[in-house]
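Read the numbers this way: they start at 1 and go in the same order the structure lists the ligands and their atoms. This one's a predicted model, so the numbers in the text were calculated from it and none came from an experiment. No hydrogens, no waters, no symmetry mates; every other heavy atom, side chains included, goes into these values. Residues take their numbers from the sequence shown, with the count starting at 1.
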Amino acid sequence: MKVILLGPPGVGKGTQAKQLVEYFKIPHISTGDMLREIVKEESPVGLKVREIMNRGDLVPDDLVTEIVRLRLKKADALSGFILDGYPRTNVQAKSLDEILNDSPLNGAIYLDASQQTLIQRLSGRRVCKKCGANFHITNMPPKSSGICDKCGGELFQRSDDQVETIKKRLNVYLRQTVSLIDYYQSRNKLIKLNADEPASVVYNTLIDILGKWR
Ligand code: AMP
């Protein structure tokens, strides 16, 4: 099953993807996570990427596409994956079609939610430094404040989850990413879901849809 999750930052793509891959036993490929790993290396490329991400802008298409191309070649991704955060531009969508070539996507799931929901979700998000698990200070609080339930790691707020950067990311999304909805709709690949609903409701709907593609 080859699936992409589309939608604005904060809509819950990462949260849903992390649960879906446990259920379907396929890899979760998140360009945001892969870029954050590159940033940790503090190489010249990493420093440049960090600056772009902290501004809330998009990293150049060529760089992200190369990262995705290499990742999709790995053995664990050959029979299926959930791609989260890529593509984000029409150029990336075309590149992805080329990369997948004779084994195309089953579909693009578009999660949509109101601006108010997105800002509330992003500004309250906390992430585990060690295992990357996501929490939310009110919607999904950890059992013990600031500590990951899964591995005991320390929780932190992503530097691009500050309100001003969130607004910038939402603008970038509207300017550069929203056109992907037409891209996949015109190819009969788009399924739209209302992600203002609680995460558990969205999850159950996703299990039904993806289950048919297994
Ligand atoms: P995310 O974790 O998906 O919210 O991504 C965090 C940041 O990583 C974005 O705001 C971008 O700066 C960068 N990023 C992630 N995926 C892409 C992509 N496909 N194209 C360009 N930049 C990306």
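- Within the listing of ligand 1, atoms 6 (C), 7 (C), 8 (O), 12 (O) sit less than 4.0 angstrom from a heavy atom of Met53.
- The closest non-hydrogen atom to atom 12 (O) of ligand 1, taken over Asp57, Ile166, Ile67, Leu58, comes from Asp57.
- In this structure, Thr65 and Ser95 approach most closely via the heavy-atom pair CG2-CB, 3.7 Å.
- Cation-pi check for Arg169 over Tyr173 is not met; the charged atom does not lie both under 6.0 angstrom from the ring centroid and within 45 degrees of its normal.
- Between Ala17 and Ile82, the shortest heavy-atom contact is CB-CG2, 4.0 Å.
- Under a 4.0 Å criterion applied to the non-hydrogen atoms of Gly85, ligand 1 contributes the atoms 16 (N), 17 (C), 18 (C), 19 (N).
- In summary, Lys94 and Asp97 do not engage in a salt bridge, as defined by a charged side-chain N under 4.0 Å from a carboxylate O.
- At a heavy-atom distance under 4.0 Å, no atom of Ile52 approaches ligand 1.
- For Gly7 against Lys13, the heavy-atom pair with the smallest separation is O-NZ, 2.9 Å.
- Using modelled atom types, one finds a donor on one side chain and an acceptor on the other under 3.5 Å when comparing Asp61 with Thr89.
- For ligand 1, the polar-atom distance check against Gln92 finds a nitrogen or oxygen pair separated by under 3.5 Å.
- Of all the heavy atoms of Lys13, none lies under 4.0 Å from any atom of ligand 1, so neither backbone nor side chain is involved.
- In this structure, Arg36 counts as a contact residue of ligand 1, since one of its heavy atoms falls inside 4.0 Å of the ligand.
- Residue contact check: Arg169 has heavy atoms under 4.0 Å from atoms 4 (O), 10 (O) of ligand 1.
- Close approach of ligand 1 to Arg158 (heavy-atom distance below 4.0 Å) involves ligand atoms 1 (P), 2 (O), 4 (O), 6 (C).
- Checked by distance only, ligand 1 and Arg88 come closer than 3.5 Å through their nitrogen or oxygen atoms.
- For the 3.5 Å distance criterion, the side chains of Tyr203 and Asp208 fail to qualify, holding no donor opposite an acceptor.
- Heavy-atom contacts of Thr31 reach the following atoms of ligand 1: 15 (C), 16 (N), 17 (C), 19 (N) (cutoff under 4.0 Å).
- Contact atoms of ligand 1 toward Leu35: 8 (O), 13 (C), 14 (N), 15 (C), 23 (C) (distance under 4.0 Å to a heavy atom of the residue).
- At a heavy-atom cutoff of 4.0 Å, ligand 1 is contacted by both the backbone and the side chain of Val59.
- Defined by atom type and a distance below 3.5 Å, a donor-acceptor pair is missing between the side-chain atoms of Ser30 and Tyr86.
- The heavy-atom pair separating Glu197 from Asn194 by the smallest distance is CG-O, 3.1 Å.
- Residue-level proximity to ligand 1 for Gln176 is absent, since no heavy atom of it falls below 4.0 angstrom.
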